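For reference, the structure discussed in these notes is given below.
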Amino acid sequence: MSAKIFSCCIPALMTPCTAERRPDFVETQLKPFETWYAHWSKELGASQKHAA
């Protein structure tokens, strides 16, 4: 006997949206990235270690 667990696609329930119900990928991710980068860039040698 085979059972189907999924019979259709599952919607992306975690997609961040604006008040107008439009996807808001960039603005939602920008703040955490800026916070992380601000801390990372202050680490001793961080920018020299990963320079191109």
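Predicted, not measured: the structure shown is a model, and the values here were computed from it. The figures here come from the full heavy-atom set of this structure, side chains too, leaving out hydrogens, waters and symmetry mates.
In the hydrophobic clustering of ILVMFWY residues, with side-chain heavy atoms under 4.5 Å counting as a link, L30 and Y37 come out apart.
Taking the side-chain hydrogen bond (donor to acceptor under 3.5 Å, both in side chains) definition, one finds that E20 meets it with T18, sequence neighbours left out.
Taking each heavy atom of S41 and A38 in turn, the nearest pair found is OG-O, 3.2 Å.
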